[in-house]
Amino acid sequence: MKKEIITLMCATALLSSCHIYKSYDRPEDITVEGLYRDTVAGGDTLAADTANFGNLPWKEVFTDARLQALIEQALINNPDLRSAALTVKQAQAALMSARLAYAPMLSLSPQGTVSSWDKGKATQTYSLPVTASWQIDLFGQLLNPKRKAQVSLKQTQFYEQAVQTQVIANVANMYYTLLMLDRQLQISEATCDILKRNLETVEAMKEAAMANSAAVEQSRTAYAQVLASLPDIRQSIRETENALCLMLNQPAQSIARGVLEEQQLPSEFSTGIPLQLLSNRPDVKAAEMSLAASYYDTNSARAAFYPQITLSGSAGWTNSAGSAIVNPGKLLASAIGSLTQPLFYRGANIARLKQAKAQEEQAKIQFQTTLLQAGNEVSNALYQYQMTSDKAVSREIQVNSARKAAEDTKELFNLGTSTYLEVLSAEQSYLSAQLSEVADTFDRMQSVISLYQALGGGRE
């Protein structure tokens with residue numbers, strides 16, 4: 001009768017604990033549709049593509065040989081990436097520990113004593129026992145920690161990929177920032193030379209009574225204004241170089257680079273279907289692995305309500321058999337089975353389960369938020385590229401018109417039909433248009449980098 005009761009209790013426990021063996025599945029209420037907003041229609045969802053720009057290798061996106069060398073150096077030396085790789089090694093060790101929990105625990109505990117009674121002959125006893133214990137995992141006390149260790153390892157690997165995509169994007173952004181600043185400095189220096197010559201011309205005209213002092217001061221002011229902007233640009237170049245060197249984990253130094261006009265970036269993009277974000281974006285995958293780890297924590301909390309069964313035993317040599325001493329020693333062996341059922345700390349287990357469920361729900365919310373944020377980043381990058389491309393058409397017209405206006409105004413001034421103030425105004429408008437065109441070019445390049453990163457590019 002007792003055996004039947006025990007069998008029934010074990011069967012009931014096994015049936016009620018079925019959920020703790022279930023592996024993680026993505027929740028059905030996670031939204032993956034309509035993540036990309038159309039760049040033209042106001043609120044429509046962008047049509048899905050079969051291809052994905054983010055699947056391109058980073059060397060096919062960033063074709064500048066100097067930039068490629070910098071990215072390769074960063075992938076080797078960047079401290080954040082190296083730290084992420086060490087985190088992966090820690091997770092690998094944790095997984096190994098969780099797997100070894102299934103193996104028996106062995107220990108050797110040699111002991112020896114020497115005793116004498118009333119100055120009599122000393123008696124020596126010894127024992128050389130090897131003890132072993134093995135937990136039988138009937139209720140997932142070992143299974144769920146092992147599964148958590150597995151998804152935690154994946155989470156650290158995805159985090160490492162996310163750091164890598166961030167490093168590639170940051171290096172590219174800083175490199176193109178340097179090219180933009182170089183071009184702006186070149187334009188400003190050329191304008192400065194023109195204004196300097198204009199000042200010399202107006203000063204000569206004043207001496208010849210062909211211009212007044214107001215024209216001279218206006219010319220000097222315009223020249224000084226552009227001249228004063230040069231140190232700011234040079235300082236920005238120096239600070240950007242230093243920041244890039246920090247990413248490369250090297251002392252601050254000058255960076256070899258190309259020119260802005262030579263850069264070729266992709267202009268046709270496929271964003272893929274929103275579901276691909278789940279398999280491409282490392283940060284999205286890491287967020288899902290965090291949810292999976294919380295799920296297994298909840299299962300572990302449930303498993304704490306069930307008995308823990310442990311088998312233990314020992315075997316070894318001893319010459320102490322109760323009160324008798326035997327020489328030589330004899331083999332001694334024992335085996336014990338134990339079952340531990342939680343009773344008085346059930347309240348603590350209930351609290352632990354509630355805490356685990358709340359943390360699992362938080363991880364689920366974070367996963368959904370990360371996915372929506374990824375979709376927003378794709379939508380923003382697409383729209384930024386569209387707007388900067390549209391702006392480039394108007395900006396080209398502005399630059400050409402400003403250049404022609406500056407040339408014509410100066411010609412009219414030489415003919416005596418225009419004031420020098422109009423010449424300065426035309427020159428400043430031309431300078432402003434050129435600088436804006438360079439900034440627009442950089443914004444368009446930056447949008448390509450942002451889109452590539454948003455689609456999970458650079459993870460391999």
Side-chain angles (χ1 to χ4, degrees), residues 64 173-208 210-242 244 254-263 388-446:
D64 187 311
N173 264 322
M174 290 184 183
Y175 183 80
Y176 292 134
T177 299
L178 286 174
L179 301 189
M180 175 194 68
L181 292 172
D182 287 345
R183 182 57 182 151
Q184 288 184 338
L185 180 62
Q186 181 183 11
I187 293 172
S188 298
E189 287 177 339
T191 303
C192 199
D193 290 340
I194 293 174
L195 293 178
K196 182 180 180 181
R197 290 195 297 270
N198 288 348
L199 173 60
E200 294 171 350
T201 300
V202 175
E203 286 177 338
M205 293 176 65
K206 180 178 179 296
E207 293 178 1
M210 297 175 61
N212 54 33
S213 60
V216 174
E217 296 307 320
Q218 288 171 349
S219 179
R220 183 175 287 111
T221 299
Y223 169 62
Q225 181 180 5
V226 177
L227 189 64
S229 69
L230 300 182
D232 290 337
I233 300 177
R234 293 191 179 104
Q235 181 180 351
S236 296
I237 291 175
R238 179 62 62 92
E239 291 176 353
T240 304
E241 284 182 327
N242 293 347
L244 181 52
S254 60
I255 300 295
R257 51 189 180 268
V259 295
L260 190 66
E261 293 80 3
E262 294 177 352
Q263 303 306 307
T388 53
S389 298
D390 294 343
K391 189 190 296 185
V393 178
S394 301
R395 191 71 72 189
E396 183 179 5
I397 297 173
Q398 180 188 3
V399 171
N400 292 335
S401 298
R403 181 183 66 253
K404 190 173 188 307
E407 294 172 352
D408 292 347
T409 304
K410 190 171 183 179
E411 184 67 25
L412 291 174
F413 174 76
N414 293 334
L415 295 174
T417 59
S418 177
T419 66
Y420 195 72
L421 181 60
E422 293 174 327
V423 174
L424 293 178
S425 178
E427 291 285 358
Q428 290 174 337
S429 296
Y430 181 42
L431 171 63
S432 177
Q434 285 180 294
L435 295 179
S436 296
E437 184 181 38
V438 173
D440 291 345
T441 301
F442 172 73
D443 287 343
R444 187 163 62 255
M445 299 168 76
Q446 194 175 44

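- L227 contributes atom CG, which lies 12.5 Å from atom CZ of R220 (distance to the nearest 0.5 angstrom).
- Annotation: the span from D182 atom CG to I255 atom CD1 amounts to 11.5 Å, rounded to 0.5 Å.
- Judged purely by atom type and a 3.5 angstrom limit, S432 has no side-chain atom pairing as donor or acceptor with the backbone of Q428.
- Taking the side chain as every heavy atom from C-beta outward, I194 and N198 approach each other to under 4.5 Å.
- Within the model, atoms CD of E241 and CE of M174 stand 12.0 Å from one another, a figure rounded to the nearest 0.5 Å.
- Under a 3.5 Å cut-off, the side chain of S219 and the backbone N or O of A215 do not form any donor-acceptor pair.
- Considering only heavy atoms from C-beta on, T388 stays 4.5 Å or farther from D440 through its side chain.
- At a threshold of 4.0 Å, the pair K410-E427 does not count as salt-bridged, since none of the basic side-chain nitrogens sits closer than that to a carboxylate oxygen.
- Ion pairing between a basic and an acidic side chain is recognised when a charged N comes within 4.0 Å of a carboxylate O; R234 and E189 show such pairing.
- Summarising the geometry of L435 relative to S188, their closest heavy-atom pair is CD2-OG, 4.0 Å, with the distance given to 0.1 Å.
- With K206 as reference, V216 is the one residue of N212, T201, V216 to meet the side chain to side chain contact (heavy atoms under 4.5 Å, CB included) rule.
- Distance CG/L424 to CD/Q218: 6.5 Å, rounded to 0.5 Å.
- With rounding to the nearest 0.5 angstrom, the CG atom of L178 is 10.5 Å from the OG atom of S254.
- Under a 3.5 Å cut-off, the side chain of S229 and the backbone N or O of V226 do form a donor-acceptor pair.
- Within a 6.0 Å radius of CD in E200, other residues, nucleotides and ligands contribute more than 12 heavy atoms.
- Between R183 and E437 there is no salt bridge, since no side-chain nitrogen of the basic residue lies less than 4.0 Å from a carboxylate oxygen of the acidic one.
- G258 and L179 make their closest contact through O-CD2, 3.0 Å (heavy atoms, listed as atom of the first residue, atom of the second, distance).
- Checking R395 against Q398 by side-chain atom types alone, a donor-acceptor pair falls below 3.5 Å.
- Between the side chain of Y175 and the backbone N or O of L244, no donor-acceptor pair lies under 3.5 Å.
- Contact detail for P231 and A228: the closest heavy-atom pair is CD-O, 3.2 Å.
- Residues I233 and L181 approach most closely at CG2-O, 3.6 Å, considering heavy atoms.
- To the nearest 0.5 Å, the span separating OG1 on T441 from CG on L260 amounts to 5.5 Å.
- Smallest separation of non-hydrogen atoms from R403 and N400: NH1-OD1, 3.2 Å.
- Taking each heavy atom of R444 and S389 in turn, the nearest pair found is CD-OG, 3.6 Å.
- Salt-bridge check for K404 with E407: failed, with every basic side-chain N at 4.0 Å or more from each acidic carboxylate O.
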